[in-house]
Amino acid sequence: MPLARRPASRIRVIAHVDLDCFYVQVEQRRQPQLRGKPTAVIQYNSWKGGACIAVGYEARKCGVKRSMRGDAAKAVCPDLNLVQVPVLHEKADLSIYRDAGSEVVAVLSRVGKCERASIDEVYLDVTEAAKRLSSKDLSTLVSEEASTSHIVGLPQELGTKEWFCRPDASREDHLLACGAIIVADIRLAVLAETEFTCSAGVAHNKMLAKLSSGMHKPAQQTLVPSSAVESLLATLPISKIGKLGGKLGQELEGELGVKTVGDLLQFSEVKLQDMYGPNTGTWLWNTARGINGDEVQDRTLPKSHSSGKTFPGPRALKTLETVVYWLKELAETLQLRLDEDLSQNNRTAHLLTIHASCHIEGRATEAPKFSSKSRPLRYGVDKIVEDSRYLFERSLHEFCSHQSAGKEQSEITSSWAVTGLSLTASNIMAKPMVKT
DNA sequence: CAAGTTTACCCT
DNA sequence: AGGGTAAA
């Protein structure tokens, strides 16, 4: 839960930019003959034709869904073009999508502070740019793209451009209009310079920006004026709000009967704090009112790199040799990314963490996670393998002896199977200049 | 037997 | 530091 800090009173203009079915767009740029055709991206997996991880809009129209197996997708949409995610070291390699996302961030960052929220989503704070625009005559500045913006709760007799330029607008609405013009223009720049379309939400905070970016897709943008917030939230299912899509949202429904964000309004801040803790309680109380003070963080680079793989069912790893083999594969890909981070951003990671999901004595269980001690990760693949192997053996041994006290050592070591492995490099810091 | 791979962040 | 949740 984000820190439930009191929101700053200062008016902000925040955009949430979401690349439309991003992996598909990346593949369509690489293979232009796929443009306009039903296309989905699948992760390499020979079992039932792989798993769809991104589905283009033409393919969605004929019923293809994310998380379908490739075979099932082909069945509902025989003309479907399936593109495989590249494979490196026997693993899905997402680097082309990551790099494509970086291209987009490079364009967006020209108009404001950027926070990379995921591989295909960016928060953008355009407050300063909007203020600069606000003293000008908007009527000549509303581009074609800006005038196609959707405005939540727009009175029917008013068009978007009229709403933007109306002389009696509040300062809040006027700044939002300025922000929307800026966002529309930068979205066109993204298209011109990267060939990618994106959708955006523009509002006074991150929560509302995120909520609105998905309202009109693809390649469109949506504004949320403050005046529209109350009725927008009144009937909105809580699961649509970030962080309420999971367990917390279920608890809210089960314990308070809350189905919509509006239903939350009846509970006092103290009551919500009482039930869900001071932080979450205040956050919920604010969320019900469309209030959110989270700042857009100035961060375009990731805080960690990880490389992992699952080994479902019969493919579970049963010997130390295979575990070490896969640790090496994971270490290779991790090292490539660490090298790239060093050469491009002058950063080095200082913590290595291994996570193994295991079956022990036939029962599914999570093995404990272990980390190396703040050792700078610049020793190369062999060192990463050596460290992670040591950590794995140590944690497995401790876990087994705890689980099966009294058993013979040989019995213990023959009864585990690894169903998932991942290596994470974190504590990434700028490397001090080397003296020459 | 089987959606997989990443990333971030809260709680204790 | 480690466990857990959530999201795309």
Side-chain angles (χ1 to χ4, degrees), chain A residues 1-4 16 18-23 40-55 65-73 84-95 97-98 101 115-123 210 213-214 239-251 276-280 283 294 297 299 301-316 330 333-334 337 351-357 359 362 364-374 391 395 398-399 417 419-428:
Chain A
M1 205 55 45
L3 201 61
H16 179 258
D18 195 338
L19 279 300
D20 305 315
C21 52
F22 189 42
Y23 293 6
V41 174
I42 54 170
Q43 218 146 224
Y44 177 70
N45 190 337
S46 55
W47 190 68
K48 292 191 181 176
C52 296
I53 56 173
V55 181
K65 300 228 174 69
R66 213 162 161 267
S67 95
M68 261 183 179
R69 310 298 317 194
D71 293 348
Q84 274 187 15
V85 172
V87 174
L88 185 64
H89 292 122
E90 303 176 61
K91 285 182 72 277
D93 177 18
L94 304 179
S95 53
Y97 311 116
R98 248 181 242 115
E115 175 182 339
R116 221 177 157 168
S118 76
I119 200 162
D120 64 348
E121 282 180 282
V122 182
Y123 286 99
K210 164 93 194 200
S213 68
S239 62
K240 303 288 180 193
I241 297 288
K243 303 177 185 86
L244 294 181
K247 206 172 167 182
L248 179 57
Q250 302 242 304
E251 282 175 23
Y276 303 104
N279 248 302
T280 304
W283 179 78
D294 292 354
Q297 301 300 310
R299 184 175 52 74
L301 298 174
K303 291 182 170 177
S304 65
H305 300 289
S306 65
S307 175
K309 187 169 174 65
T310 54
F311 307 96
R315 295 202 329 217
L330 298 178
T333 71
L334 190 58
R337 289 214 258 145
L351 186 69
L352 177 66
T353 307
I354 177 175
H355 185 95
S357 304
H359 284 69
T365 179
E366 289 286 296
K369 205 157 58 165
F370 277 81
S371 56
S372 71
K373 298 180 190 66
S374 291
L391 294 166
S395 71
E398 283 185 21
F399 197 82
T419 55
L421 273 181
S422 75
L423 295 179
T424 302
S426 57
N427 278 17
I428 303 179

N/O (side chain, [X]) to phosphate O (OP1/OP2, [N]) under 4.0 Å:
X         : N      : value
Ser306(A) : dT7(B) : yes
Thr353(A) : dG2(C) : no
Lys243(A) : dG4(C) : no
Arg98(A)  : dT7(B) : yes
Lys91(A)  : dT6(B) : yes
Thr310(A) : dG4(B) : yes

Does [X] reach a base, just sugar-phosphate, or nothing at all? Heavy atoms under 4.0 Å.
X         : result
Pro302(A) : sugar-phosphate
Ser422(A) : nothing
Lys210(A) : sugar-phosphate
Arg116(A) : nothing
Asp120(A) : sugar-phosphate
Ile53(A)  : base

Worksheet entry | Inter-residue atom distance Phe22(A).CZ - Glu121(A).CD, 0.5 Å rounding |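 Nearest 0.5 Å value for the CZ-CD distance: 11.5 Å.
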
Worksheet entry | Sidechain-backbone polar pair: Ser357(A) side chain, Thr419(A) backbone, donor-acceptor under 3.5 Å |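 Looks like no, no N/O pair under 3.5 Å.
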
Item to complete: Verify, without hydrogens or angle tests, whether Arg66(A) (side chain) and Ala54(A) (backbone) share a donor-acceptor contact under 3.5 angstrom.
Response: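 It does not hold such a pair.
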
What is the distance from [atom1] of [X] to [atom2] of [N], rounded to the nearest Å?
X         : N       : atom1 : atom2 : result
Leu244(A) : dC10(B) : CG    : C1'   : 14 Å
Arg66(A)  : dG4(B)  : CZ    : P     : 13 Å
Trp47(A)  : dA3(B)  : CH2   : P     : 6 Å
Ile354(A) : dG2(C)  : CD1   : P     : 13 Å
Lys309(A) : dT5(B)  : NZ    : C1'   : 10 Å
Tyr97(A)  : dT7(B)  : OH    : C1'   : 18 Å
His355(A) : dT5(B)  : NE2   : P     : 13 Å
Lys303(A) : dC10(B) : NZ    : P     : 9 Å

Fill in: Separation of the C1' atoms in dA7(C) and dA3(B), to the nearest angstrom
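These two C1' atoms come out 15 Å apart once rounded.
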
Given [options], identify the nucleotide with an atom nearest to the side chain of [X].
X         : options                 : value
Ala51(A)  : dT5(B), dC11(B), dA3(B) : dA3(B)
Pro314(A) : dT5(B), dC1(B), dA8(C)  : dC1(B)
Leu94(A)  : dT5(B), dA2(B), dA3(B)  : dT5(B)

Worksheet item: Out of Ile428(A), Thr424(A), Thr333(A), which residue meets the side chain to side chain contact (heavy atoms under 4.5 Å, CB included) rule with His305(A)?
Response: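 Per the side chain to side chain contact (heavy atoms under 4.5 Å, CB included) rule, the option paired with His305(A) is Ile428(A), out of Ile428(A), Thr424(A), Thr333(A).
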
Discussion item. If you assign Ser307(A) and Gly313(A) each to the DNA chain B nucleotide with the nearest heavy atom, which residue ends up on the more 5' nucleotide?
Written reply: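 Between the two, 5'-proximity favours Gly313(A).
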
Worksheet item: Of Asp93(A) and Gln297(A), whose nearest nucleotide on DNA chain B comes first from the 5' end?
Response: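 In this pair, the answer is Asp93(A).
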
Worksheet item: Can you check whether Lys91(A) reaches Leu330(A) side chain to side chain, under 4.5 Å on heavy atoms?
Response: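 Side chain of Lys91(A) against side chain of Leu330(A), heavy atoms only: contact under 4.5 Å found.
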
